[in-house]
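Read through the structure below, which is laid out as structure tokens, and then see the notes.
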Amino acid sequence: MFHNLKSQAIVVALAGFTLALPATTSTTTLKPSLTSTTNPSVTTWCALLELGPKITAITPGTAVTGLQLTNKNRSGQATLTSSGYGTAISYANGGLGFFDNCHEWWLNIGTSTYSWKPLSFGFDHEASFNWIVSSGNILTASGTTSYPTTSWFLACQEAGSWVLYLQTGSQQPVGETCVLTQLQIGGSSSTVITSNPTTTTSKPPTTTLKTSTTTTASV
């Protein structure tokens, strides 16, 4: 089930016929789904009342302040842009998934030998189950055997986009323009950022290293 942090999103899946919507749902849009992986000959339509919270970079004074989390061109690449996801969100099993045309794009944490971990969206594939999410609060990844609990992300300028990584320590790739930021789920962008010395929710220092990143989703 998808949950909207401010109100329940209305989702209806149809196959082979159209839906007559009452006047009170005039803001609802009817969209074709992405190609079916089980039966490409079947066209599925979804009616979605798009009332989801944005996930926004809130750390003051950075180049990405106010930018929002999105899936770049549905490629699976997690980036920050001026207009991010705003649809229903699923938190099933500790994941973070966005409803998109009858499907789910799940935000997954990859593996790396460095402290910055690649983030990617999995198409109907949930691989990370340690996201801590709630309305108006900062997005946090709970600790695993590989890294401590952290609410910090590293946004790096790559090929004209701000590509997003989970920052679990103090390392930073060499030769790239990167900034540290925290992400807030809905609510006001003026939230005060607090530090916690027992985890990496306090702003980590920066150590510049060469890049060598693998992108297999894992937690």
Side-chain angles (χ1 to χ4, degrees), residues 34 52-87 89 95-98 100 103-128 130-133 138-142 144 146-185 189 193 200-201 203-219:
L34 301 177
K54 303 283 189 175
I55 297 181
T56 305
I58 61 167
T59 304
T62 76
V64 299
T65 304
L67 298 184
Q68 299 166 349
L69 175 64
T70 195
N71 176 5
K72 183 180 179 181
N73 299 324
R74 289 199 177 107
S75 65
Q77 187 177 51
T79 60
L80 294 176
T81 65
S82 58
S83 181
Y85 268 129
T87 59
I89 296 178
L96 179 61
F98 295 86
D100 188 349
H103 292 273
E104 300 159 290
W105 287 96
W106 294 95
L107 186 62
N108 294 321
I109 304 168
T111 58
S112 171
T113 56
Y114 298 110
S115 68
W116 67 92
K117 310 300 181 186
L119 296 173
S120 62
F121 284 96
F123 180 63
D124 286 338
H125 176 65
E126 182 181 8
S128 295
N130 61 320
W131 291 112
I132 302 172
V133 290
I138 293 170
L139 178 63
T140 300
S142 62
T144 71
S146 301
Y147 53 81
T149 296
T150 179
S151 64
W152 286 95
F153 295 82
L154 193 67
C156 296
Q157 186 68 225
E158 299 175 9
S161 298
W162 285 106
V163 178
L164 196 64
Y165 299 87
L166 181 70
Q167 178 59 287
T168 66
S170 61
Q171 299 168 344
Q172 180 173 311
V174 67
E176 294 185 21
T177 300
C178 299
V179 295
L180 283 166
T181 188
Q182 291 182 303
L183 304 178
Q184 181 174 302
I185 306 167
S189 61
I193 302 170
T200 56
T201 53
K203 189 172 183 178
T206 298
T207 303
T208 302
L209 295 175
K210 293 182 179 180
T211 59
S212 176
T213 303
T214 57
T215 57
T216 304
S218 176
V219 294

Could you state the interatomic distance from [atom1] ([X]) to [atom2] ([Y]), rounded to the nearest 0.5 Å?
| X | Y | atom1 | atom2 | value |
| --- | --- | --- | --- | --- |
| Asn71 | Tyr85 | CG | OH | 4.0 Å |
| Ile132 | Leu139 | CD1 | CG | 9.0 Å |
| Leu119 | Leu96 | CG | CG | 10.0 Å |
| Cys178 | Trp116 | SG | CH2 | 8.0 Å |
| His125 | His103 | NE2 | NE2 | 15.5 Å |
| Phe153 | Leu164 | CZ | CG | 6.0 Å |

Could you tell me whether the side chain of [Y] reaches within less than 4.5 Å of the side chain of [X], counting heavy atoms only?
| X | Y | answer |
| --- | --- | --- |
| Thr59 | Trp152 | yes |
| Lys117 | Thr111 | no |
| Thr150 | Pro148 | no |
| Thr70 | Leu80 | no |
| Ile55 | Gln68 | no |

query = So which heavy atom on Ser151 is nearest to which on Gln182, and how close?
reply =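 Closest heavy-atom pair between Ser151 and Gln182: OG-NE2, 2.6 Å.
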
Donor-acceptor pair, side chain of [X] and main chain of [Y], under 3.5 angstrom:
| X | Y | value |
| --- | --- | --- |
| Thr140 | Ile138 | yes |
| Thr181 | Ala57 | no |
| Ser142 | Asn130 | yes |
| Asp124 | Glu104 | yes |
| Ser120 | Gly76 | no |
| Thr81 | Ser83 | yes |
| Trp131 | Leu107 | yes |

query = What residues form a side chain to side chain contact (heavy atoms under 4.5 Å, CB included) with Thr177, not counting sequence neighbours?
reply =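 Counting only residues at least two positions away or on another chain, Thr177 forms a side chain to side chain contact (heavy atoms under 4.5 Å, CB included) with Gln157, Trp162.
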
Residues in side chain to side chain contact (heavy atoms under 4.5 Å, CB included) contact with Ser115, at least two apart in sequence or another chain = Gln167, Thr168, Gln171

ask   = What residues form a side chain to side chain donor-acceptor pair (under 3.5 Å) with Thr65, not counting sequence neighbours?
value = Thr62

task = Would you check if there is a donor-acceptor pair between the side chains of Ser161 and Lys72 at a distance under 3.5 Å?
result =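 Per modelled atom types, Lys72 and Ser161 side chains form a pair under 3.5 Å.
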
message = When you compare the side chains of Gln184 and Thr56, does any donor N or O come within less than 3.5 Å of an acceptor on the partner?
response =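 Per modelled atom types, Gln184 and Thr56 side chains form no pair under 3.5 Å.
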
ask   = According to the interplanar angle, ranging from 0 to 90°, do the rings of Phe121 and Trp105 count as parallel (below 30°), tilted (30 to 60°) or perpendicular (above 60°)?
value =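 Answer is perpendicular, since the angle exceeds 60°.
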
